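Read the structure below first, then the notes.
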Amino acid sequence: MRLKWSLLSLIFMGVSQAQALDEVTIALAIPPAVHDGAPYAAAQELGLFKEQNLSVKLIVFQGAGALLPQVASKRVTFGYPVSEPVISSYFNGKDPLPLRYFYNGTPAQTMEYTVLADSPIKTLSDLKDKKIGVGALTWGTIPNSRAALRVAGLEPGKNVEFVAVGVLGSGFQALRSKQVDALNYNSSWGDIFEFTGTKIRRIAYPDVFQENPGNGFIAHEDTFKEHPDLIRRFGLAYTEAQYVCDVNPEFCVRAFWRQYPESKPADAEGKGLEEAKTLLSRRLQRTLYREDGSRRTPGEYDLPVIRAAISAMAKNGEFPKADVPVERIFSNAFIAAFDDFDKEALKIRAEEAK
C-alpha cells in the first residue's frame, strides 16, 4: 500500500509539474531557418526550456509591422523584431510603443549588399542608378539600408531604387537574371546563395552601423515590471541553447530538421548536413564572438554604439532627430542572469547529444 501511494504521489507530482510550466509565445517576423531556428530546437530537445519551467511556442507573422502589435497588446509574450520600427514610434507624435528590448539577438550587423562576383559594383557608391532587390518593401530593415546608402552619398528613390523580389530563391534568380543589380539580404542568406554555386561579392554597411543591433527579444513594459523572472529564465535557456549549438552544431541541425522535417535537404548525410552546419556556425560566430575572437556578453546592448547609429540615421534623414531615450528602449538589466550557468556541465551534455 505504501508503495502504491508513493507511485501515485510521483504521478501526481509529475502532472503538477507539467501543468505548472509557464507558457511563452514568441513572435517572429520570418519563418525560422536552420541558422536561426536551431537553438530553439536544441532547447526543446535537451529540455533547456523545461528546466526553466517554460513551454515555448514560436509564431510567425509577416514582418515587424504585424509582429509588434501582438507584443504591444500582450497577445504574445515576446517578439523578435528589428529595432528601427520601435525607435520610430518615438517620433510619431503619439505614445511610443510600450515595449523594451531585453536580449540582443544579433549584436553585429547581419545585413549586407550582395552582387555577382563579376559585377562592376564594388562599393556602396557604385550602386548609383541601380536596382536593389529586397524581400518586401515593408521590411523593417529598409530604413537602415537607406541610411547606409545615404552615408555613401546616394539618394534612395532618386538615384537608387529598392525592388521587391521575394526571399531566397526568387531573389537569387532575380540577381542572376539581372532583374536587379544587387540584393539587400542578411549574411546567412548570402551564405546560402554561395552554396547554390553562384560566386558573389559582399558589400558591407558603413562602420557606424557594423555593431548596431538587428533583431532582438522584446517584451511589453508590464512584463518587465510584473514578470521579470520570466525574462531571466527565457534568456538563460536561450543562451544555453546557443552555447550548445556552438559546441555541437550537428546535433542542433538535426534537432531543427526533426522539428521542421520539410526543411531537411535531400543530401542530409552529406553536403546538405555540412552546409547546414556551416550556416549555423557562421551565424553563431557573428553572434557570440567579436571580430578579434573574444566572447561577447550574451544579450548585451552596446548603448553608445546604438546612440551613434541613431545619430547617423537622423543625420541621413531616416529619423527626424537623434534624441530618444535609448536606455528605455534597450535594457541590459538581465544580462548577468542570462550567462549564469555551468558551462562545463552543459558542454558535456552538448557533446553527448545526438
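In this chain, numbering begins with 1 at the start of the sequence shown. A quick note: this is a predicted structure, and the numbers were derived from the prediction, not measured.
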Is there side-chain contact between [X] and [Y], with heavy atoms separated by less than 4.5 Å?
| X | Y | answer |
| --- | --- | --- |
| V253 | L273 | yes |
| L230 | L54 | yes |
| L168 | Y185 | no |
| D246 | V244 | no |
| R232 | P228 | yes |
| E155 | V160 | no |
| F209 | M313 | yes |
| E327 | L303 | yes |

Distance, nearest 0.5 Å, that separates [atom1] of [X] from [atom2] of [Y]:
| X | Y | atom1 | atom2 | answer |
| --- | --- | --- | --- | --- |
| T106 | M111 | OG1 | CE | 10.5 Å |
| L149 | S125 | CG | OG | 10.5 Å |
| R283 | T110 | CZ | OG1 | 5.5 Å |
| F162 | K131 | CZ | NZ | 14.0 Å |
| D339 | E300 | CG | CD | 10.5 Å |
| Y113 | I203 | OH | CD1 | 9.5 Å |

Item to check | Option from F217, F224, Y80, F330 for which ring-ring contact (aromatic ring centres under 6.0 Å, His included) with Y101 holds | outcome: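 In the set F217, F224, Y80, F330, the residue that makes a ring-ring contact (aromatic ring centres under 6.0 Å, His included) with Y101 is F330.
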
Around [X], counting heavy atoms of other residues, nucleotides and ligands shown, do more than 12 lie under 6.0 Å from its [atom1]?
| X | atom1 | result |
| --- | --- | --- |
| E351 | CD | yes |
| E23 | CD | no |
| K74 | NZ | yes |
| D95 | CG | no |
| D229 | CG | yes |
| K271 | NZ | no |

Next on the checklist: As a quick check of understanding, evaluate side-chain hydrogen bond (donor to acceptor under 3.5 Å, both in side chains) for R150 and S145, giving each step before the final call.
Outcome noted: CA-CA 9 Å; R150 289 194 177 105; S145 301; over 6 Å; no

Distance-only, no hydrogens or angles: does the [X] side chain make a donor-acceptor pair with backbone N or O of [Y] under 3.5 Å?
| X | Y | result |
| --- | --- | --- |
| S294 | R290 | no |
| R201 | I121 | yes |
| N53 | A20 | yes |
| Q44 | V56 | yes |
| D340 | A336 | no |
| S119 | V115 | no |
| R296 | L288 | no |

If you look at every heavy atom in [X] and [Y], which pair is closest and at what distance?
| X | Y | answer |
| --- | --- | --- |
| P143 | E318 | O-CG, 3.2 Å |
| P32 | L58 | CG-CD1, 4.3 Å |
| D126 | P120 | OD2-O, 3.9 Å |
| L68 | P81 | CD2-CG, 3.7 Å |
| V165 | S170 | O-OG, 2.8 Å |
| A64 | P69 | O-CD, 4.4 Å |

Do the side chains of [X] and [Y] join up, straight or via other hydrophobic residues, at under 4.5 Å, putting them in one cluster?
| X | Y | value |
| --- | --- | --- |
| I200 | V163 | yes |
| L46 | F49 | no |
| Y243 | F234 | no |
| L183 | W189 | yes |
| V208 | V305 | no |

Next on the checklist: Using side-chain contact (heavy atoms from CB on, under 4.5 Å), reason through F172 and I192 one step at a time and then give a plain yes or no.
Outcome noted: CA-CA 10 Å; F172 299 161; I192 294 171; 3.9 Å; yes

Checklist entry - Are the aromatic rings of F102 and F78 close, with centres under 6.0 Å apart? => result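 Here the rings of F78 and F102 have centres that are less than 6.0 Å from each other.
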
Checklist entry - What about the rings of Y40 and Y238, do their centers lie closer together than 6.0 Å? => result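 Close enough - the centres of the two rings lie under 6.0 Å apart.
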
So, [X] versus [Y]: side-chain donor-acceptor pair below 3.5 Å or not?
| X | Y | value |
| --- | --- | --- |
| T141 | N144 | no |
| S188 | R282 | no |
| Y205 | N184 | yes |
| R202 | T114 | no |

Item to check | R307 vs D302, salt bridge (charged side-chain N to carboxylate O under 4.0 Å, His left out): CA-CA, chis, key distance, verdict | outcome: CA-CA 9 Å; R307 288 192 188 92; D302 189 328; over 6 Å; no

Next on the checklist: Between K277 and E274 (salt bridge meaning N to carboxylate O under 4.0 Å), is one present in this structure?
Outcome noted: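 Looking at E274 together with K277, the answer is yes, because their closest N to O distance falls below 4.0 Å.
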
Checklist entry - Hey, is R349 close enough to E51 for a salt bridge, meaning N to O under 4.0 Å? => result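 A salt bridge links R349 with E51.
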
Item to check | K343 NZ/CZ over F341 ring centroid, <6.0 Å and within 45° of normal | outcome: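 Judged by the rule, K343 and F341 form a cation-pi pair.
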
Next on the checklist: Apply side-chain contact (heavy atoms from CB on, under 4.5 Å) to residues I87 and F91 and explain how you reach the verdict.
Outcome noted: CA-CA 8 Å; I87 296 170; F91 305 126; 4.0 Å; yes

Item to check | Steps toward salt bridge (charged side-chain N to carboxylate O under 4.0 Å, His left out) verdict (R100, E221) | outcome: CA-CA 6 Å; R100 273 187 101 187; E221 290 177 344; over 6 Å; no

Item to check | Among T239, I218, N215, side-chain contact (heavy atoms from CB on, under 4.5 Å) partner for Y103 | outcome: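 Among T239, I218, N215, the one meeting side-chain contact (heavy atoms from CB on, under 4.5 Å) with Y103 is T239.
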
Next on the checklist: Working note: L280 + L284, criterion side-chain contact (heavy atoms from CB on, under 4.5 Å); need CA distance, chi angles, decisive distance, verdict.
Outcome noted: CA-CA 6 Å; L280 176 57; L284 289 172; 3.9 Å; yes

Checklist entry - Considering the options D22, T223, T25, which one meets the side chain to side chain donor-acceptor pair (under 3.5 Å) requirement together with T77? => result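 Running side chain to side chain donor-acceptor pair (under 3.5 Å) over D22, T223, T25 with T77 returns exactly one hit, T25.
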
